[in-house]
Amino acid sequence: MPDGALPVLDVRDLKTVFKTRGGEVHAVNDVSFDLRPGELLGVVGESGSGKSVTMMSLLGLLPSPPADVRGGTVTFDGKDLLQLDPEGLRSVRGGKIGFVFQDPMTSLNPVFTVGMQIAEPLRKHMGLSKAQAAVRAKELLELVGIPDADQRLKDYPHQFSGGMRQRVMIAIALACDPKVLIADEPTTALDVTIQAQILELMKELRDKLGMAVIWITHDLGVIAGIADRVMVMYGGQVVEHAPVRELFGNPGHPYTKALLTTIPKITGAREKRLTIIEGQPPILAGAPKSCPFRDRCNVAFDRCAVENPRRYDVGAGHDVACFHAEGT
Amino acid sequence: MLDQTPAPLVRVRDLKMHFPIYAGLFRRRVGEVKAVDGVSFDVMEGETLGLVGESGCGKSTCGRAVLRLYDITSGEIAIDGHDIGTVPQPDLRSMRPTMQMVFQDPQASLNPRMTVEAIIKEPLDEHTTLSEAEKREKVAELMDAVGLNRKFAKRYPHAFSGGQRQRIGIARALALNPKFIVCDEPIAALDVSIQAQVVNLLEDLQEQFGLTYLFISHDLSMVRHIATRVAVMYLGKVVELSPREALYADPLHPYTKALLSAVPEPDPTLGTAKERIILQGDVPSPSNPPKGCNFCTRCPVVMDICKQQEPVTHEVQPGRFVACHLFNDTAGPTAGQEV
């Protein structure tokens, strides 16, 4: 993808807070990133790191209350998505921005045929007639590699396997030629051999259709194989961001480094003992005034407890939110 | 074979676990799901046997069946010299202390209305004659052993994180000084940074108490780390059983090859160099497995014989067992089902 091309999606200082009985939970803290045309941005993080909530916030998919998207801008197509009314957002979601969810078992409606579910966005967003939508639905099923598409359109979700259902989800997300596809852990619920199929399919489709993709996962292996750039999230913040080879070859944040050593490898020397990251992920109560990783960090010092590091640019399109990266 | 080593702690032969399917107005038996269909393996004392496979291949059912949490359809199971395959459930109770289980979901396998102390103490109440004070002391020791603060004994499971809950489950399994523990996907529900903590704990405990594990997982890289030998299951059968090093360096069965090549590597420079075998299609239904080899519908090197005849398990190299027609010639004549 050409560097310097205007980003299709530009997110600045996004902030989302959940109001709970126990106080405010700051799930997303000043998250900024951009997405260039045709690129695949990987977002890695553990559960509770804010990766899904970030994507849900920018599409207005979070119920409010308890969620409160408190600030920031999300520029897409020259508009700020956060300022759009619900009607305006609906025309973007499922149209220019497609979404694939984690669980293919629960995100399809069990009482409608797959054909009807693929046709729905086509009729709503593109104004196709029933017959036109049916033709396009068939093309889409073929595009995502479901054999015997004509017959399968009449089937219900329970008649598909997990991998096939995820293909249907992808077909729905692709229905209106989106500029951006957001895939939230699309292969987590699938087996490795099926996951490999879906990853191949995604790479193929991205090249064929030229859309930009945001791929959310907790699996660094998946990211290494598919992403162009990677954003690592921890405690509701972006802690590191870099091109994929740079991130794996030269990780800058202590969390990323630890994460890379804590997973055992399937080839190469077998480690006698796994490196562990002590402690638990942080509870995001109250506005962050310190580095979220400091309690588990082996290079933390006084400053980490009193100030939250901003993202320091370390060159090669790589930035790290750690005081140790300051001035490097 | 294997006569140079001591007798195995766990010996499983031709284990079958079929679940009936009832349908129609009169709930007639119309078929069966062959979740585990003729599995044989040994687990040596002090070793960890990894059992890997994709969801639905029967690995969890196999683990549960080995502990007789089900009444098995057929086969033999011997644990620590006791034949437990056909023993009626009430008589199994006295044998339960030797064999324990750690479950996948630490959320669902702990009673939310019991305190941690009560949860860990329950097996002691059932199987020992210790006094209350002795039991409480034992619980505290167990909490120390699994790295839980003993001050939290009166708390309820909801107050703990996923990794800590899994530690509670492990402490409960350890309470009766078992020899053999079936770990059914003990880390699948945990975050990456917490998984390593639990795996290290399991390894420490194994060393400390001389435990033997059957470690069931779909995470092939974690199994490579923890297991001594690895059995690969596909659609109710073990297709390959090998020592860890050999299996990962040189997988023999086409399914093992595909499975290993599908694991994404956390290294972008390797990812492109690696030749990936993408399997076509899905796993067939275990209620209607294909004729011949179970893998013949997806196998990239399928032959005519595979669609006709079920392959037998051969010992193709010392300690390496494979069920595949490709290895019919290399096999010793008497290998058969002995694993």
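Letters A, B, ... are given to chains in the order of the sequence lines, protein chains preceding strands, and every chain is numbered from 1.
- Ring geometry for A:Phe293 versus A:His253: interplanar angle of 30 to 60°, hence tilted.
- B:Ile278 touches chain A through its side chain: at least one heavy atom from C-beta onward sits under 4.5 Å away, while N, CA, C and O do not.
- Of all the heavy atoms in B:Leu110 and B:Arg165, the pair that sits closest is CD1-O, 3.7 Å.
- The candidate from A:Gln195, A:His218, A:Met164, A:Arg273 with the greatest count of non-hydrogen atom pairs under 4.5 Å with chain B is A:Arg273.
- Between A:Asp228 and A:Gly38 the shortest heavy-atom distance is OD2-O, 4.4 Å.
- When heavy atoms are compared at a cutoff of 4.5 Å, B:Gln280 approaches chain A solely by way of its backbone atoms N, CA, C and O.
- Using a 30° and 60° split on the angle between ring planes, B:His253 and B:Tyr255 fall in the perpendicular class, above 60°.
- Contacts between A:Ile223 and chain B at a heavy-atom distance below 4.5 Å are absent for every atom of the residue.
- In terms of heavy atoms, B:Pro186 sits closest to B:Ile216 at CD-O, 3.9 Å.
- Looking at B:Val199, only its side chain comes within 4.5 Å of chain A, counting heavy atoms on both sides.
- Of the inter-residue distances, the one linking B:Ile181 atom CD1 with B:Leu211 atom CG reads 4.5 Å to the nearest 0.5 angstrom.
- For A:Glu200, the part lying near chain B is the side chain, with the backbone staying farther off; criterion is any non-hydrogen pair under 4.5 Å.
- Proximity to chain A involves both the backbone and the side chain of B:His225, based on heavy atoms less than 4.5 angstrom apart.
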